[in-house]
Amino acid sequence: MDAKSVTPSAVALILANPTPESPDDVPEIVVQVLDLKPIGSRFTFMASDGEAKVKAILSTHFASEVHSGKLQNLGLVRILNYTCNDIPQKTDKMVIITKCEVVSQALDAEIKSEVKIEEPSVLMKPKEEAAGLSKPIGAAPATIMLKPRHDVKSASQIVSEQRGNAAPAARLAMTRRVHPLISLNPYQGNWVIKVRVTSKGNLRSYRNARGEGHVFNVELTDEDGTQIQATMFNEAAKKFYPVFELGKVYYISKGSLRIANKQFKTVQNDYEMTLNETAVVEEAEGESFIPPVQYNFVKIDMLGPYVGGRELVDIIGVVQSVSPTLSIRRKIDNESIPKRDIVVADDSNKTVTISLWNDLATTVGEELLDMVDSAPIIAVKSLKVSDFQGKLLAPFHKFFSG
DNA sequence: CCCCCCCC
């Protein structure tokens with residue numbers, strides 16, 4: 001097979017098999033990259049087989065391939081695994097490419113199947129390759145037409161035959177296809193994600209006009225660095241609170257998605273996840289390439305603009321002092337809440353008082369008190385910054401050790 | 001369905 005050509009009917013192959021079970025379920029698919037452009041930290045392009053095109057988005061970890069110039073516009077890529085983001089209301093599909101490799105750097109022009117056999121090598125030639133390496137697309141003649149479905153099925157039949165020969169454990173591994181978080185949407189519920197718990201909230205109880213209940217939030221991050229907030233209520237909150245541990249990696253399925261309320265978003269995602277009691281949460285064993293908690297540290301002398309704002313900051317610094325635990329009586333309901341203040345200094349030569357509330361005051365606060373003589377360095381995430389009598393205060397929102 | 005983030 002010639003490495004310098006697109007796969008005839010590649011787009012049809014993808015759309016006929018929108019969510020392959022595993023890379024083994026993906027046939028040879030080489031497409032040309034057209035209209036490559038950045039969207040946030042990712043890149044999108046039109047994947048072309050010379051006849052049909054489909055919108056594609058690359059997982060974030062391919063951004064470096066684009067920046068380094070390896071993956072180029074007009075180049076060829078082999079798609080090794082993907083999932084289609086199929087939103088029923090929308091007619092345009094998007095292929096989220098989770099695994100791919102560069103076959104060729106930029107060709108001279110867009111491949112178009114209408115082009116006749118006589119001249120095709122001009123179109124197929126990578127800029128820096130000798131003409132002899134190119135293969136006329138005409139060599140794959142009538143098959144450039146859209147393939148009928150039964151052709152696609154025969155490919156997956158081959159795969160299932162291969163699976164039949166695999167050991168049971170290997171078969172299971174192949175079946176557990178992990179979906180990138182970015183591919184999840186409210187309209188398609190049959191997914192499995194593999195995510196790290198990068199923030200764990202408290203199990204809280206609340207009472208309001210709609211009633212009362214318990215609620216528990218986590219922030220989840222996948223290997224692309226995509227984050228989503230997941231919320232559990234009542235029985236689900238009680239069930240999963242002891243299951244989710246900060247920093248651990250889990251397979252999650254049978255959750256539901258809804259549009260996130262912009263006003264309360266703590267992560268960059270249009271959706272938020274709700275897990276009820278029927279959700280499946282299972283710790284993932286072994287190695288994982290999911291990045292740990294990401295910080296965006298702000299120097300203490302740069303906190304000014306954040307005072308009173310909604311935007312949260314992360315701080316890293318040396319703990320200079322730890323107060324005793326105080327019991328603060330909340331005015332609105334007279335409830336007493338444990339609180340402890342720590343003073344942190346960083347390399348901007350400023351200090352800030354950080355208040356630890358509730359469990360953080362008693363648990364983390366106590367640990368810090370024990371360590372304070374050794375000037376421990378801590379990283380603190382998601383601080384809300386306020387000002388009291390000219391002193392900057394950063395009450396704890398969440399905590400990660402450092 | 002939460003979304004509180006408290007006190008000097």
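Everything quoted here is computed from the prediction, not taken from an experiment.
Taking side-chain N and O atoms only, R207(A) has no distance below 4.0 Å to OP1 or OP2 of dC2(B). Contact annotation: K339(A) side-chain N/O to dC5(B) OP1/OP2 distance is not under 4.0 Å.
Residue ring and nucleobase are stacked for F388(A) and dC8(B), with a centre distance beneath 5.5 angstrom and an angle between planes beneath 30°. Here W357(A) counts as stacked on dC6(B): its ring centre is under 5.5 angstrom from the base ring centre and the planes meet at under 30°.
We find that CD1 of I337(A) is positioned 11 Å from P of dC8(B), with the value rounded to whole Å. In this structure, K238(A) atom NZ and dC2(B) atom P are separated by 16 Å, rounded to whole Å. Atoms CZ (R204(A)) and C1' (dC5(B)) sit 9 Å apart, rounded to a whole Å. Atom CG of D387(A) is separated from atom P of dC8(B) by 17 Å (rounded to the nearest Å). The distance between atom CG of L312(A) and atom P of dC4(B), rounded to the nearest whole Å, is 14 Å. The CD atom of E219(A) sits 13 Å away from the C1' atom of dC3(B) (whole-angstrom rounding). In this structure, E212(A) atom CD and dC4(B) atom P are separated by 17 Å, rounded to whole Å. Remark: C1' of dC6(B) and OH of Y206(A) are 20 Å apart, rounded to the nearest angstrom.
For the residue pair S59(A) / D224(A), a side-chain donor-acceptor distance below 3.5 Å is found, with atom types taken as modelled. For the 3.5 Å distance criterion, the side chains of E28(A) and T7(A) fail to qualify, holding no donor opposite an acceptor. A donor-acceptor contact under 3.5 angstrom links the side chains of T325(A) and R340(A), judged on distance only.
At a cut-off of 3.5 angstrom, counting only N and O atoms as typed in the model, there is a donor on one side and an acceptor on the other between the side-chain of E272(A) and the base of dC2(B). Within 3.5 Å, a donor on the side chain of N217(A) pairs with an acceptor on the base of dC2(B), or the reverse. Under 3.5 Å, the side chain of K384(A) and the base of dC5(B) form no donor-acceptor pair of N or O atoms.
In this structure, of dC2(B), dC3(B), dC8(B), it is dC2(B) that holds the atom nearest to the side chain of N208(A).
Relative to the ring axis of Y306(A), K384(A) does not place its NZ or CZ within 45° and under 6.0 Å from the centre. A cation-pi geometry, defined here as NZ or CZ lying under 6.0 Å from the six-membered ring centre and within 45° of its normal, does not hold between K37(A) and F43(A).
Backbone-only contact: R329(A) has heavy atoms under 4.0 Å from sugar-phosphate atoms and none from a base.
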